[in-house]
Amino acid sequence: MSTSATARQGSALPAPAGGYAAAGLGRPAGARDAVPVPESALRLAVVRTAAVAAVLATGGYLTWRLLTTLPDGPALWIGVPFLALELYGGIGLVLFVMTTWNVAPATVPLPRPGPAPSVTVLVATYDEHLDVLLPTVAACLAMEGDHETWVLDDGDRLEVEEMVTALGARYVSRPEHDHAKAGNLNHALALVRTELVAVFDADHVPDPEFLTRTVPYFADERLALVQTPQDFYNTTSFEHLHPGGDLHEESLFYRVIQPGKHHAGAAFWCGTNAVLRAGALRAIGGVATESLTEDFHTTMKLHRAGWRSAYHNEVLARGLAAGSPDAFYAQRRRWGRGAMQALRHDNPFTATGLTLRQRLGYLYSLSAWFDSWRTLGLALVPVAVLVTGLFPVAASPARFALMAGVPFVLQQVALTLLARGFAPARFSLLFEVVRLPSNLAATLSLVRRGTGRFAVTAKGRTGDARTRARVPSVLVALAAVLGGSLVYTAASIAGWTPTRHGLNGTTLIPIVWVAMTLWFVATGIRRIRDPRFSAERRDGHRFPATMQAIVDGAPARLVDVSLGGAQARVRGVGATVGAEVELAIRVPDRAAHVVFRATVRSRRGDIHRLQFTGRQWAELAALSATAFGAGAARWAATEVTPFTLPAAPAPATRVRAANLHPEAVAAAVHSPVVSPARRPAASDDTQPIPRMTPELERALADAQV
């Protein structure tokens with residue numbers, strides 16, 4: 001679906017004192033993150049007029065096609081499928097117009113008397129690396145408003161328990177690990193005693209204002225759910241339009257389609273970045289376990305039971321988008337299979353308790369998975385025309401081009417306006433092709449037995465080598481068919497095949513059609529094979545930074561930073577490779593430095609690549625909070641005496657930036673749920689955090705026996 005870029009209101013969240021922009025490490029926010037400004041009456045009239053015109057023109061065209069243009073004879077076997085694909089597209093257009101007709105921001109109900117609802121924050125995790133999980137836990141603890149923070153670890157990992165309790169959250173595991181994430185949440189739901197639960201995936205880092213923006217909606221006592229958009233801080237992912245840009249493959253859904261569903265009473269839970277009423281979940285038997293998309297299915301059950309949902313259209317948390325094609329396809333196959341399972345269990349056509357608008361909203365969501373069959377069909381129709389020489393429309397090419405061209409242009413104008421700037425045309429068409437393999441496989445599961453296996457989308461480190469992704473065989477075959485049809489047509493024009501083609505409209509129209517489709521398929525293949533989207537070798541995301549620092553007494557400035565280490569440009573002679581050093585980082589919102597133990601892993605001139613050592617949980621939490629714009633003031637830091645360096649230190653001289661004390665590294669956090677016991681320092685306390693491998697997991701399990 002095409003659109004023109006439209007500037008949106010900037011983020012309404014103020015930068016902390018000191019300025020993250022000056023530090024080069026600002027909150028990873030885009031220009032479109034805030035609640036959109038309501039559309040003016042004039043703009044809304046223009047958008048809706050274009051939408052109605054597109055629907056009427058499409059309806060007139062399809063009526064003409066149905067009544068007067070079906071061909072006779074052998075061409076009928078191409079003409080009927082082609083018309084069916086066009087009819088399907090017309091229905092999709094109507095559903096899209098209905099969904100996006102009104103995307104005005106949701107209205108917060110008036111507050112009710114009495115105290116605010118109590119909240120437990122649930123962070124579900126299974127096998128995510130600590131560099132992915134720690135920023136989420138630190139940010140959840142730092143959110144404004146009274147709340148508890150629980151980490152639900154289905155991996156039973158000792159290092160996760162150590163980190164979580166050190167930061168001041170509650171660690172929760174369960175004896176049985178059935179039903180994947182849904183079972184994990186249901187186990188916690190049996191323990192929770194608060195009115196509300198806020199749910200986050202392990203990689204989604206909330207803003208400090210998340211609860212203060214969402215909890216007020218629950219003044220409506222029949223409200224079960226408030227969902228917010230998903231956005232991503234790894235803006236070089238496979239899903240993003242441009243490296244460093246804020247538009248991604250899911251932008252249209254989260255910023256336009258979900259707000260439209262809100263007004264139809266059909267906005268649904270998307271698994272993370274949401275607040276739910278615990279009593280409503282218990283009333284329907286807990287989180288749905290019958291499908292892989294427990295969030296979507298649970299919302300349908302809530303709506304059937306008379307509960308309401310709301311959508312707050314403001315980016316208040318950011319996670320990790322699928323960085324590679326393999327992760328993208330695995331995620332989309334799981335979502336699609338889950339949607340098909342939900343369709344089998346609770347068909348919105350026949351399910352009781354839904355309003356008409358809710359049924360149509362769910363119909364649109366589920367039918368979107370079948371769009372790939374239409375895309376594939378429309379790619380193959382002109383191939384059939386070129387190979388057979390049969391035209392699927394009983395009209396002259398000029399008349400067909402005119403009758404089809406007018407509604408097509410109106411459709412593109414309407415889609416552009418209805419998308420409100422969140423779906424550039426070329427990018428949308430490209431991903432229609434890219435999604436083909438996963439969506440085709442997912443929809444085929446509708447007629448297959450079994451529920452499939454829940455697989456967590458790979459986040460963070462996904463491999464040890466920079467291996468390029470394998471191109472799905474569906475796209476390779478489609479490119480071969482499209483290219484082969486053009487070669488065959490050229491041979492036919494030369495008189496070398498039984499098919500006879502002349503240089504007229506019946507040949508030129510399908511040639512242009514095939515060529516354009518082949519360009520998109522080839523572009524999709526190039527994107528999949530792009531080295532930028534090969535396996536991720538880093539455990540955590542690396543942020544560019546320009547903050548001031550001190551490396552063993554020498555002034556320095558950061559180049560970039562992650563939770564595993566940093567690169568710093570150090571004045572003077574610097575440190576030798578392999579040396580243990582202290583890295584003191586001045587964060588923007590306080591005078592105190594955050595001090596790390598680190599090892600110099602490599603050097604390139606004055607740029608030192610430093611790896612953090614030991615389990616410095618409070619310091620990592622402070623660094624994480626700074627990187628995500630939440631501020632580090634909640635976390636422990638060490639005062640560093642300001643100094644100037646008139647000359648470079650003598651070789652082999654180490655000047656300590658601070659004298660560390662045990663109490664200085666304690667987290668300045670108090671949990672209302674648990675007061676974590678101090679753990680004895682491990683014997684390998686100066687070693688890097690171990691990456692959980694199957695071998696290490698087995699060793700830890702044996703140690704517990």
Side-chain angles (χ1 to χ4, degrees), residues 1-3 46-101 360 363-364 367-368 370-419 425 428-429 432 482 485 489 499 501-517 520:
M1 297 173 181
S2 63
T3 184
V46 171
V47 171
R48 291 177 174 177
T49 299
V52 171
V55 170
L56 292 177
T58 301
Y61 165 74
L62 292 175
T63 301
W64 172 74
R65 287 277 288 112
L66 185 63
L67 297 180
T68 66
T69 64
L70 278 177
D72 298 323
L76 192 64
W77 72 271
I78 305 177
V80 171
F82 181 39
L83 178 59
L85 294 171
E86 290 186 300
L87 289 170
Y88 178 87
I91 295 172
L93 173 66
V94 172
L95 290 174
F96 182 73
V97 169
M98 292 175 59
T99 300
T100 57
W101 187 260
L360 292 174
L363 172 63
Y364 177 68
S367 66
F370 296 92
D371 287 352
S372 289
W373 290 100
R374 176 176 177 268
T375 301
L376 179 62
L378 291 177
L380 296 179
V381 164
V383 172
V385 173
L386 294 177
V387 171
T388 64
L390 302 173
F391 200 68
V393 181
S396 67
R399 182 173 175 79
F400 171 71
L402 176 64
M403 295 297 291
V406 172
F408 177 79
V409 170
L410 290 174
Q411 288 169 14
Q412 298 311 304
V413 172
L415 294 175
T416 296
L417 295 173
L418 290 168
S428 298
L429 292 171
E432 282 189 21
L482 293 169
S485 69
T489 302
T499 306
H501 282 296
L503 293 178
N504 50 39
T506 57
T507 301
L508 293 178
I509 289 176
I511 285 177
V512 172
W513 192 339
V514 168
M516 291 180 61
T517 305
F520 278 106

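Nothing here was measured: the structure is a model prediction, and the numbers come from that model. Numbers here simply count residues along the sequence, with the first being 1.
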Could you give the side-chain donor-acceptor pairs of residues 390-404 under 3.5 Å, partners two or more places apart or in another chain?
unit_1 : atom_1 : unit_2 : atom_2 : d
Ser396 : OG     : Arg399 : N      : 3.1

Report task. Go through the structure and list residues passing side chain to side chain contact (heavy atoms under 4.5 Å, CB included) with Thr99, not counting sequence neighbours. Result -> Ile257, Lys261, Tyr364
Query raised in the report: Which pairs pass side-chain hydrogen bond (donor to acceptor under 3.5 Å, both in side chains) with one or both residues in residues 373-385, sequence neighbours excluded?
Result: Trp373-Thr443
**Report entry** By side chain to side chain contact (heavy atoms under 4.5 Å, CB included) - contacts of Leu380 (at least two apart)
**Finding:** Leu376, Leu478, Val481
**Report entry** Listed partners of Ala368 passing side chain to side chain contact (heavy atoms under 4.5 Å, CB included), at least two apart
**Finding:** Asp371
Report, one line per pair, each donor and acceptor closer than 3.5 Å where one atom sits in a side chain of residues 89-98; sequence neighbours left out.
none

Residues 65-78 side chain polar contacts: donor-acceptor under 3.5 Å, at least two apart:
unit_1 : atom_1 : unit_2 : atom_2 : d
Arg65  : NE     : Tyr61  : OH     : 3.4
Arg65  : NE     : Glu86  : OE1    : 2.8
Arg65  : NH1    : Thr69  : OG1    : 2.7
Arg65  : NH2    : Glu86  : OE1    : 2.9
Thr68  : OG1    : Trp64  : O      : 2.7
Thr68  : OG1    : Trp64  : NE1    : 3.3
Thr69  : OG1    : Arg65  : O      : 2.6
Trp77  : NE1    : Pro74  : O      : 2.9

Query - Partners passing side chain to side chain donor-acceptor pair (under 3.5 Å) against Thr58 (at least two apart in sequence or in another chain) - result: Gln411
**Report entry** Flag if over 12 foreign heavy atoms under 6.0 Å of CZ, Phe408
**Finding:** no
Report task. For Thr499, check side chain to side chain donor-acceptor pair (under 3.5 Å) against everything at least two apart and list the hits. Result -> Tyr488
Query raised in the report: Taking only residues two or more places apart in sequence or in another chain, which ones pass side chain to side chain contact (heavy atoms under 4.5 Å, CB included) with Leu87?
Result: Leu62, Leu83
**Report entry** Exercise: identify the closest heavy-atom pair between Ala50 and Ala414
**Finding:** O-CB, 3.6 Å
Report summary line: Here the salt bridge (charged side-chain N to carboxylate O under 4.0 Å, His left out) pairs for residues 382-396, sequence neighbours left out, are none
Compile the donor-acceptor pairs under 3.5 Å between side chains in residues 506-514 and protein atoms, sequence neighbours left out, one pair per line.
unit_1 : atom_1 : unit_2 : atom_2 : d
Thr506 : OG1    : Asn504 : OD1    : 2.6
Thr507 : OG1    : His501 : ND1    : 3.2
Thr507 : OG1    : Gly502 : O      : 2.9
Trp513 : NE1    : Leu378 : O      : 3.3

Query - For the student: nearest non-hydrogen atoms of Ala379 and Leu482, plus distance - result: O-CD2, 3.6 Å
